[in-house]
Amino acid sequence: MMKLKPNQTRTYDGEGFKRRAACLCFKNEREDEVLLVSSSRHPDQWIVPGGGMEPEEEPCGAAVREVFEEAGVKGKLERLLGVFEQNQDRKHRTYVYVLTVTETLEAWEDSVNIGRKREWFPVEEAIRVLQSHKPVHAEYLRKLRLNRSSTNNSNSLLTSPPTNDNAPRYNTPPASMRR
């Protein structure tokens with residue numbers, strides 16, 4: 001079943017990128033298990049919960065709203081992981097946050113309306129699951145892993161050029177957006 005949002009207003013930034021927000025939702029602060037949800041377009045595929053920002057909505061508020069709607073979880077917003085751009089098929093600029101889950105609802109908006117499912121995955125398995133159909137989502141988790149193994153702070157961004165046209169570009173978020 002396709003998720004329809006007739007009243008949704010798509011918002012774009014000054015460069016023509018659709019404004020999006022998402023969260024990597026973790027079971028605990030160890031950040032070793034991440035919550036993925038089934039895609040509304042392809043229910044047999046897993047994705048990171050996230051979606052378009054509403055007019056006048058801040059990225060962090062949109063991220064929390066999207067995971068509540070799509071995954072049925074609430075939690076503690078930890079930090080901004082980065083801002084990811086996707087240019088190939090769609091121009092998206094996605095603010096990706098890290099969230100530690102504190103509450104899991106039995107039934108939530110997308111489970112009731114479209115039968116969306118959710119499942120916990122070890123980070124490495126989630127990367128493998130996402131790589132084939134949502135490589136940019138797999139890249140979120142690779143960036144998290146890279147930051148954890150780095151001695152830099154959690155807002156360090158990759159400096160090497162992308163290896164292919166599907167690779168996301170990273171932008172340094174303004175200081176006001178860092179958590």
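Index from 1, following the sequence. No experiment lies behind these values; they were computed from the predicted model shown. Just so it is clear, the values below take in all heavy atoms, side chains as well, and ignore hydrogens, waters and symmetry mates.
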- prompt: Could you go step by step and tell me if I47 and L36 meet the side-chain contact (heavy atoms from CB on, under 4.5 Å) rule?
  reply: CA-CA 5 Å; I47 60 171; L36 300 181; over 6 Å; no
task: Begin from the C-alpha positions of Y140 and L144 and carry the test side-chain contact (heavy atoms from CB on, under 4.5 Å) through to its verdict.
output: CA-CA 6 Å; Y140 304 162; L144 177 90; over 6 Å; no
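Residues V37 and L24 fall into different hydrophobic clusters, defined by Ile, Leu, Val, Met, Phe, Trp and Tyr side chains chained together at heavy-atom separations under 4.5 Å. Cluster annotation: L35 is connected to Y97 through the hydrophobic network of ILVMFWY side chains, with a link wherever side-chain heavy atoms come within less than 4.5 Å.
Separating the CD atom in E78 from the CD atom in E29 is a distance of 5.0 Å, to the nearest 0.5 Å. Taken to the nearest 0.5 Å, the SG atom of C25 stands 10.0 Å off from the CD atom of E70. Rounded to the nearest 0.5 angstrom, D110 CG and E66 CD are separated by 8.5 Å. A distance of 7.0 Å separates NE2 in H133 from OG in S39, rounded to the nearest 0.5 Å.
The closest donor-acceptor contact from the side chain of T94 to the backbone of V96 lies at 3.5 Å or more, if one exists at all. Side-chain atoms of H137 come within 3.5 Å of backbone atoms of V48 as a donor-acceptor pair (strictly under, hydrogens ignored).
By the 6.0 Å and 45° rule, K91 stacks over the aromatic ring of F17.
Side-chain contact check for V34 versus W120: every heavy-atom pair is 4.5 Å or farther apart. Inter-residue side-chain proximity for Q131 and V129 is flagged as unmet; no heavy-atom pair is nearer than 4.5 Å. Residues V98 and E31 have side chains in contact (heavy-atom distance under 4.5 Å, counting atoms from C-beta outward). Side-chain contact between V73 and W108 is absent, with no heavy-atom pair separated by less than 4.5 Å. Within the 4.5 Å cutoff, no side-chain heavy atoms of M53 are placed close to those of R10. The side-chain heavy atoms of I127 and E139, taken from C-beta on, include no pair separated by under 4.5 Å. By the 4.5 Å heavy-atom criterion applied to side chains, K143 and F84 are counted as neighbours.
With respect to R116 and E109, no salt bridge is recorded, no charged nitrogen being found less than 4.0 Å from a carboxylate O. A salt bridge is absent between R128 and E124; no separation between the charged side-chain nitrogens and carboxylate oxygens falls under 4.0 Å. Ion pairing between a basic and an acidic side chain is recognised when a charged N comes within 4.0 Å of a carboxylate O; R19 and E57 show no such pairing.
The ring pair (Phe, Tyr, Trp, His ring centres under 6.0 Å) pairs that include a residue from residues 21-55 are W46-F121, where partners are two or more places apart or lie in different chains.
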